[in-house]
Structure formats: C-alpha cells, structure tokens
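In what follows, a single structure is set out as structure tokens and then discussed.
Naming convention: chains lettered A, B, ... in sequence-line order (proteins, then strands); numbering from 1 in each chain. All values below were derived from every heavy atom in this structure, side-chain atoms included, with hydrogens, water molecules and symmetry-related copies excluded.
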Amino acid sequence: MDVIPKWADAILIPLISIILAFIISALVILAIGEDPINALQLMVQGTFGNSAGIGFMLFYATNFIFTGLAVAIAFHARLFNIGGEGQAMLGGLGVAFVCLAVPWPHWTIALPFALIGGALFGAGWALIPAWLQAKRGSHIVITTIMFNFIASALLVYLLVEVLKPAGSMDPATPRFPEGAHLPRMSDILGAVGIPFSDAAPVNVSFFIALLACYLFWLLVWRTRLGYEIRAYGQSESAARYAGISPTKIILIAMVISGALAGCMAINNVMAAERLVLNSVEGAGFIGIAVALMGRSHPVGVLLASLLFGFLVQGGAEIDFWTNIPRELIVVVQALVILFTGALDNMVRVPLAKVFLMFRKREA
Amino acid sequence: MDFLTLLQIFDSSVRLATPLLFACLAGLFSERAGIFDIGLEGKMLAAAFFSAAFAAISGSVWVGLLAGIGASLALSLVHGLASITFRGNQLISGVAINFLAAGLTVLIAQSWFQQGGRTPSLSGNARFNEITLPFADAVRDIPYFGPIYADLISGHSILVYVAFLTVPLTWYLLFRTRFGLRLRAVGENPAAVDTAGISVLRLRYSAVAICGVLCGLSGAYLATGLQALFVKDMSSGRGFIALAALIFAKWRPWYALWACLLFGFLQALSLRPDAVEAVTQVKVPGQLLDALPYILTVVILAGFVGKAIPPRAGGEPYVKER
C-alpha cells in the first residue's frame with residue numbers, strides 16, 4: 001500500500017481534499033447568486049486587513065488547537081471522540097468554578113489552577129464513556145454524542161438555576177475577579193513595543209495552545225505511552241500480544257482527549273471573564289475537521305486551526321457585508337470533514353495510480 | 001392529574017413520537033444492512049427545509065413532501081458513496097452530513113426567502129392538516145372511550161398514521177421477505193451474502209435509500225405537520241434521539257415503536273412541567289426531562305439493563321477478496 005510517498009500522504013492528499021472542498025463551497029456561493037471571489041476578498045480583508053481581524057483569527061484558532069488535539073489523540077488510539085463539544089462545556093464549568101472560588105491575586109497564579117480545573121472537568125466527562133467502552137463495550141461514538149446532549153442540559157440547568165447571580169435575568173455566572181483576567185495580545189505585544197488592537201480577545205492562552213502542540217508531539221512520538229497508544233491504534237491484537245492493556249490505553253487516551261478539550265475553556269471562558277450559555281460555539285465539532293485535516297499531527301492541527309480561525313473570522317465578515325450567512329463556514333467545515341475523512345479513498349486511489357505510473361516509467 | 005390532562009399529554013406524545021419513529025425505522029434499515037448512520041439528524045433537517053420551502057412556493061404540501069424526500073435521498077446517496085463505494089469511515093461521513101445539512105439549509109433559506117434562515121409560514125394546502133376519523137364526533141360523549149378515540153386516535157395528520165403503519169410494514173419486510181433476510185444477512189455477514197451470488201453493494205445501497213425516504217418523511221412531518229414552517233436547526237437533536245431509540249429498541253421494529261413513544265412521552269412531559277410537578281410533588285427540572293432519553297441510552301448501552309448488540313458487520317466496509 002505504500003505506493004504513495006510519505007510527503008504526498010501528509011501534504012498532497014489533504015491539500016487536494018481541501019481544494020475540492022473549497023471548489024464545492026464556491027459553487028454553493030454561485031448557486032445562491034453571490035460572487036465567491038468577492039466573498040473570498042472580503043474574508044481576507046476582514047481578517048488580515050487589520051490587527052483586530054488577525055487577533056480574532058488567533059482567538060478562534062486557539063480554541064480549535066485544543067479541540068483538534070483532543071480529537072487527534074483519540075484518533076491515534078483509533079477512538080472517535082465526538083464528545084469534544086461536551087467536554088469543552090464541562091471544562092468551562094471547571095474553569096468558572098476555579099476562577100470564582102477565591103479572589104485571585106494575579107493571573108499567573110489563577111491560570112495554572114484554571115488549567116487544572118478545566119482539564120479535570122473535561123477529563124472527567126470523557127472518562128465515563130471511556131470506561132463504558134473499555135469495560136462494557138459500549139460504542140464510544142454513541143456515548144460521547146449522548147454525553148454532549150447531557151452536558152448541554154446540565155449546563156443550562158446549572159446556569160439558569162444555580163450559578164446565576166440573584167436578580168439577574170441572564171443565564172451566566174457572575175464576573176470573574178480582576179486577578180483572573182488574562183493579559184490580551186495587545187498587552188503582551190505592547191510591552192515589547194509592537195502595536196496590536198485591543199479589540200480582539202486573543203490572549204496568553206494562544207501560547208499555551210502552542211505549548212500543548214509541542215507537548216502533544218513529545219507524548220505521541222517520544223514517550224513509551226505515546227508508542228503504546230499508536231500501537232494500539234494500529235492493531236489491537238498486536239498491542240495486546242505485546243502486553244499493552246487495551247483498557248489502560250482507552251482510558252488514558254480518552255482522559256487526555258477530554259482534558260485537552262476542557263483546557264480550551266482557559267481561552268474562551270477566561271477571555272469572556274464569565275461563563276455564558278453556548279460559550280463553546282461548536283468548537284468541539286470543528287476540532288473533528290481540524291484533526292482530520294491535520295492528519296492528527298500537531299503541526300497539521302496548528303495549520304488547520306489557523307485556517308479555520310480565518311474561516312470563522314472571515315465568515316463573520318461576509319455575514320455582515322453580503323447576503324451570505326455565516327453558516328457558510330458550517331458548509332465548508334462539513335465538506336472538509338467529508339473529503340479529508342470519509343471520501344479519503346476517492347482522492348487516494350487515483351493518486352496512487354498516478355504515482356504507480358511514474359514509478360513504472362522510471363523502472 | 002385529571003383524565004383530560006393525561007389525554008393531552010398522550011396526544012402530544014403521539015405527535016412528538018412520529019418524527020422519531022420515522023427516523024428510527026430509517027436508521028433500522030440502514031444499520032441492519034451494516035451501514036452505521038449518525039447522519040439521521042442531517043437528513044431530517046434537509047428534508048424539513050426542502051419540504052417547507054417547496055410547499056411554500058408551490059402551495060401544495062405533496063410537492064413539498066416529494067422535495068423533502070428528494071433532499072434526504074440526495075444526502076443518503078452521499079453517505080452511500082462515502083461508506084459503500086469509497087469504503088470510508090461511516091461515522092465521519094455521518095458527521096459531515098449533519099453539518100452539511102445544518103449549513104446548507106440556512107444558506108439556501110436566506111437566499112430564497114431572506115427571512116434569516118426561515119421559510120414563510122405554511123397554511124391551508126401547503127401543510128398537512130388534521131384528519132378526523134369517521135364517527136369521531138358521534139362517539140365523543142361516551143365516557144373514556146369517546147375522548148380517547150376522538151382526541152387521541154383521531155385528529156392527527158396523515159403522516160402520523162403512515163408512521164405507525166410503517167412499523168408492521170418494516171417488520172414484514174425485514175422478517176418475512178427474501179429481501180429482508182438478505183438485508184439482515186448483509187449486516188451480519190456480508191461475505192456469506194456475496195458467496196451466495198448476491199450483490200452486497202446493491203443491497204446496502206437499497207437499505208441506505210430506504211433510510212433516505214424514511215428520513216425524508218420524518219423531516220417533512222416536522223416542518224409541514226408538527227409545525228408549519230422551517231426554522232434554523234429545527235430538528236434540534238431529534239435524529240440523535242431516534243438513534244438512541246434504535247439502540248434502546250435493540251434494532252427491532254416493534255421495540256422501536258415503544259421506544260419512540262416513550263421518548264415522545266418524555267418530550268411531551270418537558271413541555272408540561274406543571275403536570276409533572278402536580279404528580280411528583282417535587283420540582284423536576286425541565287432539563288432533566290430533556291436529557292433523560294440520552295441518559296437512558298447510555299444506561300442501556302452500558303448493558304446494565306439488558307444488552308444491546310448491534311449488527312455484527314455494522315460500520316465495516318465490505319472488501320471483496322481478490
């Protein structure tokens with residue numbers, strides 16, 4: 001099966017899939033009577049035209065890096081975690097509990113604890129489906145879907161009935177204390193003399209996300225545990241024969257996955273400075289597209305996250321300026337998932353034939 | 001709680017169970033043939049939009065119904081291509097279809113009607129109206145039986161009756177015909193079916209197509225029967241509740257009926273918190289009732305209350321030996 005060289009597998013196939021997804025998106029825009037070129041120009045201008053646009057793009061990308069890595073680590077163990085959305089919601093709850101627990105003196109102290117809170121809650125929410133898969137054989141895809149809905153109902157209940165401050169109509173927690181406010185990119189870059197818009201919520205979490213990418217790479221390709229996860233993902237029977245416990249791998253991979261999804265909350269929840277309903281905004285699902293497109297590699301996940309950050313920010317722009325609603329991004333997301341995930345063989349098989357042809361000619 | 005309130009709740013249970021039942025039976029055909037389908041939600045949503053849109057434009061609900069089924073079938077075809085022809089991951093394909101429908105419906109609705117992702121309200125012949133069964137008014141005054149017949153059994157739109165008739169039809173087709181036997185076999189052991197000289201591809205495509213038609217009916221009922229317009233994301237997780245019902249029913253048609261009625265009943269209860277409170281004497285949060293179908297499914301999946309065993313070849317693309 002290794003007709004296709006490694007570089008083509010890692011770069012060419014995702015690239016062709018993305019191009020196909022974009023061509024179809026352009027056709028959709030044409031079909032509803034709008035101009036795709038104009039739409040793209042608006043998206044580019046609205047994102048790269050000023051530093052606020054870039055800031056929003058990086059803010060969204062931070063979310064997607066976390067959820068993308070969450071889906072990716074599960075993919076390495078051949079588990080499909082659709083529950084990123086619910087795990088991120090619970091992560092938000094964990095972060096909110098930590099931030100509201102004590103009057104934090106400074107963000108440098110609040111952030112590590114918030115990170116732990118988000119990770120613990122996200123991991124806990126992933127642990128139950130993982131345990132059910134490992135011990136009772138319940139299909140993890142179905143249970144994680146169900147857990148998304150349960151998480152959403154739980155969050156509505158908690159925000160409406162429990163956490164909402166008395167007298168408030170808005171289903172949200174009280175504001176976080178001053179010491180739990182993260183420095184924004186404008187503060188960080190301003191300190192070294194680079195002007196950056198303070199309108200965008202991108203903050204120090206972006207660097208945590210980059211660190212998470214590096215740690216992910218270390219874990220998966222440079223540790224014994226990472227090797228075991230990949231071995232289990234490649235062949236369960238071979239892994240079992242080598243003395244790797246499937247129960248252990250399923251539990252650990254899912255706990256890491258849930259923790260990563262939960263960590264997303266340090267970005268969206270701490271930047272909003274309170275927990276509101278629907279704060280995840282589908283980032284858990286975009287993580288699926290990001291992981292598929294990035295081939296479950298941190299560099300790929302990072303690039304795919306930036307692309308989706310651009311799409312979401314650009315989508316808001318065209319929603320504002322044209323008759324194309326922001327749901328266009330959902331269509332692009334669907335097509336990316338379809339082409340890079342489900343229709344992979346449609347691109348791969350013809351490409352393999354092309355490479356085979358070249359090889360025969362050389363021989 | 002008095003008899004009339006109970007009757008009202010049962011009545012809305014039947015209405016709310018109908019889209020679940022269509023979608024659940026749709027999933028039953030697909031999954032019995034070995035094709036996992038978590039795209040029920042998306043197909044339902046697409047059918048809801050296209051049925052409402054075409055009914056609004058043409059003024060005829062039947063044109064709408066056809067358009068809805070067509071849209072759902074088109075998405076089924078995508079799922080078939082991805083999971084049967086190109087042997088891709090069926091779960092990922094289902095996820096993609098859900099998002100495709102969620103995005104496209106709003107995009108097209110905005111382009112056609114400029115009402116922020118909705119269709120105009122449907123009235124008259126552009127929606128399915130309630131049917132009064134014979135003698136409904138004559139027997140209304142008979143205690144108990146009268147109201148049950150006149151309010152609970154009579155007075156639904158035609159699609160409700162179609163949904164309930166689809167249950168015995170599905171049972172007959174799957175368990176009493178040659179096609180049904182082959183369809184179930186292809187979900188358990190496709191190699192055996194192939195050895196017998198029957199096309200696995202064709203069987204699976206027909207199962208996926210039946211799934212598309214039933215999802216189309218489900219979505220059309222949602223937009224033109226239960227409600228009288230399409231609004232953004234109106235399927236609101238019903239496709240996943242149907243999936244839950246399918247697991248709850250252990251992939252059997254008659255059990256599916258009871259599971260859908262139960263989940264419909266739970267949905268009806270969450271619309272009537274006053275009645276729930278009157279019976280239980282405690283304030284039950286509506287969110288708990290909303291989440292109950294999902295919680296029940298997890299419990300069933302965990303095998304604590306009887307084991308749910310899916311078709312053995314489910315989710316696996318069939319590769320012919322060379």
Side-chain angles (χ1 to χ4, degrees), chain A residues 28-29 31-34 80 82 128-129 131-133 135-139 141-143 145-158 160-161 282 285-286 288-289 292 323-349, chain B residues 36 38 42 78-79 81-83 85-112 114 116-117 232 237 240-241 243-244 247 285-295 297-298 300-304 307-308 310 314-315 317:
Chain A
V28 168
I29 298 176
I32 62 169
E34 298 279 334
F80 187 10
I82 308 194
I128 311 167
W131 185 83
L132 289 174
Q133 168 82 62
K135 286 291 181 192
R136 318 279 313 180
S138 332
H139 204 302
V141 170
I142 308 290
T143 42
I145 290 176
M146 300 298 145
F147 266 68
N148 281 341
F149 285 102
I150 301 172
S152 146
L154 179 69
L155 209 66
V156 173
Y157 172 74
L158 286 177
V160 173
E161 307 281 343
F285 295 123
I286 292 183
I288 300 170
L292 283 169
N323 196 23
I324 309 172
R326 69 179 70 222
E327 274 76 11
L328 174 69
I329 303 315
V330 182
V331 176
V332 178
Q333 176 195 346
L335 291 169
V336 167
I337 295 177
L338 190 66
F339 283 108
T340 57
L343 287 172
D344 190 57
N345 281 336
M346 194 176 80
V347 177
R348 188 178 296 269
V349 173
Chain B
F36 276 161
I38 54 176
V78 173
H79 189 54
L81 265 181
S83 51
T85 304
F86 289 110
R87 300 199 283 263
N89 187 318
Q90 300 170 5
L91 298 165
I92 293 177
S93 164
V95 171
I97 282 167
N98 287 336
F99 287 122
L100 202 58
L104 276 182
T105 50
V106 179
L107 224 60
I108 301 173
Q110 177 62 18
S111 163
W112 286 2
Q114 272 97 33
K232 180 181 159 181
F240 293 110
I241 298 190
L243 203 63
I247 296 163
Q287 293 86 8
L288 180 65
L289 290 170
D290 288 338
L292 214 50
Y294 308 112
I295 298 173
T297 306
V298 172
I300 286 287
L301 268 175
F304 294 124
K307 192 116 179 92

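Heavy atoms closer than 4.5 Å to chain B are found nowhere in A/I329, neither backbone nor side chain. Interface remark: B/L288 contributes no atoms to any contact with chain A (heavy atom separation under 4.5 Å). The contact between A/L328 and chain B is made by backbone and side chain atoms together, counting heavy-atom distances below 4.5 Å. Contacts of A/E34 with chain B are absent, with no heavy-atom separation under 4.5 Å from either backbone or side chain. With a threshold of 4.5 angstrom between heavy atoms, B/L292 does not approach chain A through any atom at all. Only the side chain of A/L292 comes within contact range of chain B, with at least one heavy atom under 4.5 Å from a heavy atom of that chain.
The local environment of OH in A/Y157 is sparse, with at most 12 non-hydrogen atoms from other residues, nucleotides or ligands closer than 6.0 Å.
Distance check, rounded to the nearest 0.5 Å: CG of B/L81 to CG of A/L338 gives 9.5 Å. A distance of 5.0 Å separates NE2 of A/H139 from CZ of B/F36, quoted to the nearest 0.5 Å. Annotation: the span from A/F147 atom CZ to B/Y294 atom OH amounts to 13.5 Å, rounded to 0.5 Å. One distance of note links NZ of B/K232 with CD of A/E327; it measures 4.0 Å at 0.5 Å rounding.
No other option in A/V332, A/I142, A/I324 has as many heavy-atom pairs under 4.5 Å with chain B as A/I142. The most heavy-atom pairs under 4.5 Å with chain B, out of A/D344, A/I82, A/I32, A/V28, come from A/I32. Contact count versus chain A (heavy atoms, under 4.5 Å) is highest, among B/L243, B/L107, B/L100, for B/L107. In terms of heavy-atom pairs under 4.5 Å with chain B, the best-connected choice from A/G341, A/A151, A/P325, A/P129 is A/P325. In terms of heavy-atom pairs under 4.5 angstrom with chain A, the leader among B/G42, B/A82, B/A291 is B/A82.
For residues 89-101 of chain B, every residue pair satisfying the side chain to side chain donor-acceptor pair (under 3.5 Å) rule, not counting sequence neighbours, is listed here: B/H79-B/S93.
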Open item on the list: Applying side chain to side chain contact (heavy atoms under 4.5 Å, CB included) to A/F80 and B/V95, what does each step give before you reach the verdict?
Closed with: CA-CA 11 Å; A/F80 187 10; B/V95 171; 4.1 Å; yes
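Under the rule for a side chain to side chain donor-acceptor pair (under 3.5 Å), the partners of B/D290 that lie at least two apart in sequence or sit in another chain are B/S270.
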